[in-house]
Amino acid sequence: MSFDERGGVPVRRPSTEGRRSASPSSGPSDDTGAARRFRRPRPGLRTVVLGAILPVVLLTVWWTLSASGAVPSYLLPSPPQVVQAAVELGEAGLLSTYVLISIQRVLIGFAIGASIGLALGALVGLSRTASELLSPLLGALRAVPSLAWLPLLILLLGIFETPKITLIAIGAVFPVFTVVSGALRHVDPHLVEVGRAFGLSRLSLLAAVQLPAVVPAVVSGLRLALVQSWLFLVAAELAGSSMGLGFLLSDSQNNGRMDRLFLAIILLGTLGKLTDALVGLGERALLKRWG
């Protein structure tokens, strides 16, 4: 099985070099106590059970309505019909292809867009001149709907993978840029002064003091960007694609296959939640190190 995009995008790991600033009046025991107080509790059995209640209720209502005949099957396929549609696509070798190509597009576009958004957010958040120069243009571009970009990208970049990944990257840029730039403007100035007192350069100050101070905001921006990436993926694949879950949505609509359409929606929701959970794991690691 071959896809149009094969390579992954290298992701830089946060630098471990540089010294972290600490308040002169607080000792190691105070830092440890603060970390314990603000450490997020790990999800337990109660969280899993409560989170499963509404999906189970919705599945029960769906199954009941489809089994009772209250809603015609051509409008509301039953859960077994959706499962059967997944089996059919799996046996034809299409389901895994559609899922993998969509995940690949999202991850590549998200990595590119989040990196650009982080760089722009840091630039605008730390420099008043850059903010005055870039904020009006970026604010206008952020208001452009996703589908408005697609015809231009197709004309400029062709009809293959490049315009799709570019569109996803555009969707991922603005949430990260908005959150990071706003958070950096509100970093405690005392932390910055301590970092400067240690002789840190601007880049070292950003890596060792300012970015660690806004880690929760950065993760929130990444989560929003990931959601936007999935939304822009569907827009890209609906308009021009022969593979992917967005194509499955469009093809199912054209052929009146409600079972496959429901399957595509369920897969998009499930994959979106799984990728968000992966970002959540990364958030725990970051907060454990810098929280």
Side-chain angles (χ1 to χ4, degrees), residues 5 9-12 14-15 105-189 191-192 201-207 209-241 246 272 275-276 279 286:
E5 295 288 339
V9 176
V11 180
R12 293 184 179 272
S15 175
R105 288 166 176 163
V106 165
L107 293 181
I108 295 174
F110 169 74
I112 296 173
S115 301
I116 296 174
L118 184 61
L120 289 175
L123 183 62
V124 171
L126 297 175
S127 170
R128 182 177 178 179
T129 302
S131 177
E132 294 173 346
L133 181 64
L134 296 175
S135 292
L137 175 61
L138 293 175
L141 294 176
R142 182 174 52 192
V144 177
S146 59
L147 289 178
W149 289 105
L150 196 56
L152 176 63
L153 294 176
I154 290 176
L155 288 175
L156 292 177
L157 303 175
I159 60 173
F160 298 107
E161 291 298 290
T162 305
K164 299 177 183 64
I165 292 175
T166 303
L167 182 63
I168 295 169
I170 291 173
V173 164
F174 296 109
V176 178
F177 160 74
T178 303
V179 173
V180 171
S181 61
L184 285 174
R185 292 192 190 102
H186 297 89
V187 173
D188 187 351
L191 292 175
V192 178
S201 64
R202 283 192 175 185
L203 186 59
S204 299
L205 187 66
L206 174 64
V209 177
Q210 291 166 308
L211 281 182
V214 296
V215 163
V218 171
V219 174
S220 297
L222 291 176
R223 284 187 159 180
L224 292 173
L226 192 56
V227 172
Q228 283 286 93
S229 297
W230 283 105
L231 293 175
F232 277 57
L233 166 82
V234 174
E237 291 183 343
L238 279 174
S241 180
T275 51
D276 181 73
V279 176
L286 291 174

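When reading the values below, keep in mind they use all heavy atoms of this one structure, side chains included, and skip hydrogens, waters and symmetry mates.
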Next on the checklist: Within this structure, what is the CG-CG distance for the pair Leu155 and Leu150, rounded to the nearest 0.5 Å?
Outcome noted: 9.5 Å
Checklist entry - Hey, is Glu237 close enough to Lys164 for a salt bridge, meaning N to O under 4.0 Å? => result no
Item to check | Pairwise distance CG(Leu167) to OG(Ser229) - rounded to 0.5 angstrom | outcome: 10.0 Å
Checklist outcome for this item: Residues Pro175 and Leu224: closest non-hydrogen pair is CB-CB, 3.7 Å
Next on the checklist: Counting C-beta onward and ignoring hydrogens, is there a side-chain heavy-atom pair between Val179 and Val218 closer than 4.5 Å?
Outcome noted: no
Item to check | Flag, side chain of Ser135 to backbone of Glu132, donor-acceptor distance under 3.5 Å | outcome: no
Next on the checklist: Contact between Phe174 and Leu141 at the side-chain level, heavy atoms closer than 4.5 Å - yes or no?
Outcome noted: yes
Checklist entry - Can you tell me how far the OG atom of Ser127 sits from the CG atom of Leu184, to the nearest 0.5 Å? => result 12.0 Å
Checklist entry - Does a side-chain heavy-atom distance below 4.5 Å link Leu153 with Ile170? => result yes
Item to check | Close side-chain approach of Ser131 to Arg185, heavy-atom, < 4.5 Å | outcome: yes
Checklist entry - Going by heavy atoms in the side chains, are Phe232 and Ile165 under 4.5 Å from each other? => result no
Item to check | Heavy-atom check, side chain of Trp230 versus side chain of Thr275, under 4.5 Å | outcome: yes
Checklist entry - How many angstroms lie between CG in Leu238 and CG in Leu233, if you round to the nearest 0.5 Å? => result 9.0 Å
Next on the checklist: On a heavy-atom basis, which atom in Ala114 and which in Leu222 lie closest, and how many Å separate them?
Outcome noted: CB-CD2, 3.8 Å
Checklist entry - Would you say Arg142 and Thr178 make side-chain contact, with heavy atoms under 4.5 Å? => result yes
Next on the checklist: If you compare all heavy atoms of Ser181 against all heavy atoms of Phe177, which two are closest, and at what distance to 0.1 Å?
Outcome noted: OG-O, 2.7 Å
Checklist outcome for this item: Correct closest heavy-atom pair for Val176 and Gly117 would be CG1-C, 3.7 Å
